[in-house]
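Just so you know, these numbers come straight off a predicted model, no measurement behind them.
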Amino acid sequence: PFNNSLEIDFKDSENLRIFKKFTNKSSVLELGVGNGNFLIKLNNLNYSCFCIEPFSQITKKLKQYKINVIESKLEDLNFSKLNFKVDIIYSWHSIEHLHNLQIFMKLCDKVLNKNGRIVLSTPNKNSLSYMFYGKYWYHLEAPRHNFLIDQNELIKKFKERNYIVEKSVLNYSSIIMSKYGWETSGYYKKKSLGGKYHSYLGKFLSYFMPYIEFFFNRTAQTTLILKK
């Protein structure tokens, strides 16, 4: 993800539209920043930006834009020493890399303002592509992903802490993630079992199955907006 261009991709463009529906010039904490371009874009729009990001190649870039960087893994943080509050916590395909969900929820409890929002996306184990491919599913990404959770489980966990589910987001980004799921899972199955037809089938299914998943809200990606 470490490229020189600061252009944001289609996923970031869609999420920027979500952010603009919130209070202008909000404060934002991003957990895991990818190439950093989305946070830089928000910073340039006068959002007050924080991030938790342990990888130095990214943090050096962000510091050039005066973004507040916590150079640590979330699991290593002493939460009692976090002395700031934010209006939005943004986590795009980050929580599944943590040891467990509870540590992320504790972060939200600690630093999110009352009536603040969480914009959260993670692989959806209730997707049709996971049901079809099982252990060959692209979004398992073992061993980089430590756990998977479906949308109903995720909502239940946050409701137990009195968060409100404001919206479940389905958009073009959801379809693209599903497309990757079908196409690449077929390739993984072919690579493991042999037989080129697995790869061809995955490619074929990727042309229409993401739209069926979209219709039934069973895409490879869960995206939620939660309110404290």
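Under the 4.5 Å side-chain criterion, counting only non-hydrogen atoms from C-beta, Met209 is not in contact with Ser129. Residues Ile89 and Phe104 are in side-chain contact: their nearest non-hydrogen atoms beyond the backbone lie under 4.5 Å apart. Within the 4.5 Å cutoff, the side chain of Phe132 has heavy atoms near those of the Leu201 side chain. Using a 4.5 Å heavy-atom threshold, the side chains of Leu148 and Leu140 count as touching. Gln151 is listed as a side-chain neighbour of Asn217, based on a closest heavy-atom distance under 4.5 Å. The closest side-chain heavy-atom distance from Lys66 to Asn43 is not below 4.5 Å. Side-chain contact check for Ser127 versus Glu213: some heavy-atom pair is nearer than 4.5 Å. The shortest distance between side-chain heavy atoms of Tyr136 and Leu193 falls below 4.5 Å.
Side chain of Glu14 to backbone of Asn171: no donor-acceptor contact under 3.5 angstrom is found. Not one N or O on the side chain of Asn37 forms a donor-acceptor pair closer than 3.5 Å with the backbone of Ile40. Between the side chain of Ser94 and the backbone N or O of Leu31, at least one donor-acceptor pair lies under 3.5 Å. Although no hydrogens or angles enter the test, the distance criterion places no donor-acceptor pair under 3.5 Å between the side chain of Ser199 and the main chain of Lys196. Between the Asp150 side chain and the Lys125 main chain, no donor and acceptor come within less than 3.5 Å of each other.
The two residues Lys228 and Asn113 have their closest heavy-atom pair at CD-O, 3.6 Å. Closest approach of Leu107 to Phe79, counting heavy atoms only: N-CE2, 3.4 Å. Nearest approach of Lys227 to Arg117, heavy atoms of both residues: NZ-NH2, 4.1 Å. Considering every non-hydrogen atom in both Asp76 and Ser72, the closest pair reads CB-OG, 3.7 Å. In plain terms, the two heavy atoms of Ser27 and Val86 that are nearest each other are OG-CA, 3.1 Å. Among all heavy-atom pairs drawn from Lys110 and Lys85, the shortest one is O-NZ, 2.5 Å.
Under the ring pair (Phe, Tyr, Trp, His ring centres under 6.0 Å) criterion, Phe147 pairs with no residue, sequence neighbours left out. Partners of His97 by ring pair (Phe, Tyr, Trp, His ring centres under 6.0 Å), not counting sequence neighbours, listed by chain and number: His145. Contacts of Phe208 classified as ring pair (Phe, Tyr, Trp, His ring centres under 6.0 Å), with partners at least two apart in sequence or in another chain: Phe204. Remark: Tyr90 pairs with Asn15 by the side chain to side chain donor-acceptor pair (under 3.5 Å) rule, at least two apart or across chains. The side chain to side chain contact (heavy atoms under 4.5 Å, CB included) search around Leu226 returns Ile118, Leu120, Phe158, Val165, Leu224, not counting sequence neighbours.
Electrostatic pairing of Glu53 and Lys61 does not count as a salt bridge here, judged by no charged N lying under 4.0 Å from a carboxylate O. Comment: Asp109 engages Arg161 in a salt bridge, judged by a side-chain N to carboxylate O separation of less than 4.0 angstrom.
Criterion: ILVMFWY side-chain heavy atoms under 4.5 Å apart, direct or through other members. Under it, Ile8 and Ile88 are part of a common hydrophobic cluster. In this structure, Tyr138 is not a member of the same hydrophobic cluster as Ile95, with clusters built from ILVMFWY side-chain heavy atoms closer than 4.5 Å. Note on Leu29: it does not cluster hydrophobically with Ile18, by side-chain heavy-atom contacts below 4.5 Å among ILVMFWY residues. Residues Leu45 and Val119 share a single hydrophobic cluster, defined by chaining ILVMFWY side chains whose heavy atoms lie under 4.5 Å apart. Linking Ile, Leu, Val, Met, Phe, Trp and Tyr residues whenever their side-chain heavy atoms come within less than 4.5 Å leaves Leu62 and Ile52 in two separate clusters.
By the 30° and 60° cut-offs, the orientation of the rings of Tyr130 relative to Trp137 is tilted. Note on ring orientation: taking the six-membered ring where Trp is involved, the planes of Trp182 and Tyr133 are perpendicular (angle over 60°, cut-offs 30° and 60°).
If you take SG on Cys51 and CG on Leu42, they are separated by 11.5 Å, rounding to the nearest 0.5 Å. Atom CZ of Phe38 and atom OG of Ser13 lie 9.0 Å apart (nearest 0.5 Å). Note that the CD1 atom of Ile70 and the CD1 atom of Ile67 stand 13.0 Å from one another [nearest 0.5 Å]. Note: Leu39 CG to Tyr65 OH = 11.5 Å, rounded to the nearest 0.5 Å. Note that the CG atom of Asn146 and the CG atom of Leu98 stand 8.0 Å from one another [nearest 0.5 Å]. Atoms CG and NZ, on Leu74 and Lys106 in that order, are 10.5 Å from each other to the nearest 0.5 Å.
A 6.0 Å sphere centred on OH of Tyr180 holds no more than 12 heavy atoms belonging to other residues, nucleotides or ligands. The environment of CZ in Phe10 is crowded: more than 12 heavy-atom neighbours from other residues, nucleotides or ligands sit within 6.0 Å. Annotation for Phe84: atom CZ counts as buried by contact number, over 12 foreign heavy atoms lying within 6.0 Å.
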Show the numbers, then the answer: is there a salt bridge (charged side-chain N to carboxylate O under 4.0 Å, His left out) between Glu71 and Lys63?
CA-CA 11 Å; Glu71 296 181 76; Lys63 287 178 180 178; 2.4 Å; yes
Step by step, would you call Glu141 with Glu96 a side-chain contact (heavy atoms from CB on, under 4.5 Å)?
CA-CA 10 Å; Glu141 291 195 45; Glu96 62 272 15; over 6 Å; no
Yes or no on side-chain contact (heavy atoms from CB on, under 4.5 Å) for Leu154 and Asn124, after CA distance, side-chain angles and deciding distance?
CA-CA 10 Å; Leu154 193 58; Asn124 177 22; over 6 Å; no
side-chain contact (heavy atoms from CB on, under 4.5 Å), that's the test. Do Leu112 and Tyr163 meet it? Break it down for me.
CA-CA 11 Å; Leu112 191 64; Tyr163 287 83; 4.1 Å; yes
Taking it one step at a time, do Ile175 and Thr219 satisfy side-chain contact (heavy atoms from CB on, under 4.5 Å)?
CA-CA 7 Å; Ile175 292 173; Thr219 65; 5.6 Å; no
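Within the structure, side-chain hydrogen bond (donor to acceptor under 3.5 Å, both in side chains) pairs that include any residue of residues 183-194 comprise Glu183-Lys203 (at least two apart or interchain).
In the model, Gln221 has no side-chain atom that pairs as donor or acceptor with a side-chain atom of His139 under 3.5 Å. Side-chain atoms of Ser121 and Thr223 include a donor-acceptor pair closer than 3.5 Å.
Checked against a 6.0 Å centroid threshold, the rings of Tyr47 and Phe22 do not count as neighbours.
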